[in-house]
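Below: the structure, in structure tokens.
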Amino acid sequence: KVTYAVMIEGCCRNRNVEKAYELYTQMKLQGIRPTVYNVNSLIQGFLKAGLWEKATKLFDEAVECGIANVFTYNNLIYWLCKVGKVNEACSVWEKMTNKGVTPSVVSYNNLILGHCRKGNMDVVSGLFSEMLERGLKANVVTYSIMIDGYFKKGETERALNMFDQMVGLGTSPSDFTFNTVLNGLCKVGRTSEARDMLKKFIEKGFTPICMTYNSIIDGFIKENAIDSALAVYREMCESGVSPNVVTYTSLIDGFCKSDNIDLALKMRNEMRSKGLELDVTAYSVLIDGFCKRRDMESARELFDELFEVGLSPNAIVYNSMISGFRNLSNMEAALALHKKMIDEGIPCDLGTYTTLIDGLLKEGKLLKASDLYGEMLGKGIVPDVITYTVLVHGLCNKGQLENARKVLDEMDKKDTAPN
RNA sequence: GACCCAACGAUGAUU
């Protein structure tokens, strides 16, 4: 039985779920009762392999025969939260408590994470107090998740309070926590503060990693403080931390957005000279840079290069290109790209349609624009304020006041506030 | 005894 357990686990780790499942059935055939451990590792294996159906089937079986434990439930709750199905995660949670399985700190952490990603911070604080009331002690992961959640929601003070609370209650922050706090400060435009804090953290024994510097570099980039960003980049290299593709992407993006395409390209070369290859995001930054400069020829070259190196552009890359052609009023090229997206099976998103509709309306091609709007709605894509603004503006400019009125009414029905 | 959780980069309108 031990042998089977070890083998099943090993197969799951090696992403060989098929083999693991084979062993599992073989074991059952030999009359050996599978343990929770076996089932748990199998479920996890299925989840990692994206075999959602098989995972839930096994999970339901485990629940039915009553061998499911906290770990079993946590596993599923985690994956549901990760893919944004927080409501389903909640029903698994209910099932768990109904079966008399007591949630652990990890259970709470998983659910809190799910709600943080959705931005439901009020639910999060409810769960947090519930957890404490039940006599569970929040751990460093709980705090880190919540700190990150508050920062991402823009509730900086709350985030910093959580950090103080954690320290005050005697939970030592981990390197993970430090990175979360630093990144959070950078994201809300307090990068210099983060840089100073980094020094203090280092004194407390924190070892910065590439990601730490990346957060600070990107923060300065977003504040348009390119020189500070470069200073941190040098500091990073000097302290022996190797920059990665994310570091360079931030810097390249900074140069592009401050209209310094030459320096951006220089950075790309520096990156390559260190043996790093561009990924899709890195390409997208450069492509967008050229598109914004209305240099569609260079953008196109990079777009082609992307294919040549064996990558395939995602919707973001296409959207940049489409937006670039739209700016040049070349809707023919823009629409050709839209067609290519569909041919290649790249899902168009709200941005794709908004840009296309914007361009078409500006050209006076109202029919084509409305076709695309219909196509978008047909795919279940819901318009947002920006889309509505595009429609109202475009229609008004073409004297279609009636239709613009209709759009405003539609907004009203959907409770979207005009800006 | 072994299984579960957290952190970094890119795209759309108006101004």
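Keep in mind that what you see is a predicted model, and the values were worked out from it rather than measured. By convention in this document, chain letters (A, B, ...) are assigned in the order of the sequence lines, proteins followed by strands, and residues within each chain are numbered from 1.
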Kindly say if [X] contacts the phosphate of [N], meaning a side-chain N or O under 4.0 Å from OP1 or OP2.
X        : N     : answer
A:Lys187 : B:G9  : yes
A:Lys292 : B:A10 : no
A:Arg326 : B:U11 : no
A:Tyr318 : B:G12 : no
A:Lys152 : B:A6  : no

Q. If you measure only the distance, is there a donor-acceptor pair under 3.5 Å linking the side chains of A:Tyr353 and A:Glu375?
A. yes
(Q) Whether the A:Ser107 and A:Asn110 side chains hold a donor-acceptor pair (N or O, under 3.5 Å, no angle test) is what I'd like checked. (A) no
Q) Should the pair A:Tyr233 and A:Tyr248 be assigned to parallel (<30°), tilted (30 to 60°) or perpendicular (>60°) ring geometry? A) perpendicular
Q) Parallel under 30°, tilted from 30 to 60°, perpendicular over 60°: which one fits the rings of A:Phe178 and A:Phe206? A) tilted
Does any N or O donor sit under 3.5 Å from an N or O acceptor when you compare the side chain of [X] with the base of [N]?
X        : N     : result
A:Asn314 : B:A10 : yes
A:Ser174 : B:A6  : yes
A:Asp349 : B:G12 : no
A:Thr354 : B:G12 : yes
A:Thr247 : B:G9  : no
A:Thr180 : B:A7  : no

Q) Aromatic ring centroids of A:Phe59 and A:Trp52 under 6.0 Å? A)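 Centroid separation for A:Phe59 and A:Trp52: 6.0 Å or greater.
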Q. So, do A:Tyr318 and A:Phe303 have ring centers that fall under 6.0 Å from each other?
A.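 Yes.
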Per [X] side chain, nearest of listed nucleotides [options]:
X        : options            : result
A:Asn110 : B:C5, B:A6, B:C8   : B:C5
A:Gln44  : B:C4, B:G12, B:U11 : B:C4
A:Met211 : B:A7, B:G12, B:G9  : B:A7
A:Thr249 : B:A13, B:G9, B:U11 : B:G9
A:Tyr78  : B:C8, B:A7, B:C5   : B:C5
A:Val141 : B:A10, B:A6, B:A13 : B:A6
A:Lys222 : B:A6, B:A10, B:C8  : B:A10
A:Ile316 : B:U11, B:C3, B:G9  : B:U11
A:His393 : B:C8, B:A6, B:U14  : B:U14

For [X], which contact category applies under a 4.0 Å heavy-atom criterion: base, sugar-phosphate, or nothing?
X        : answer
A:Asp175 : nothing
A:Val390 : sugar-phosphate
A:Phe71  : base

Q.
According to a cutoff of under 5.5 Å between the ring centres and under 30° between the ring planes, does A:Phe176 stack with the base of B:A6?
A. yes
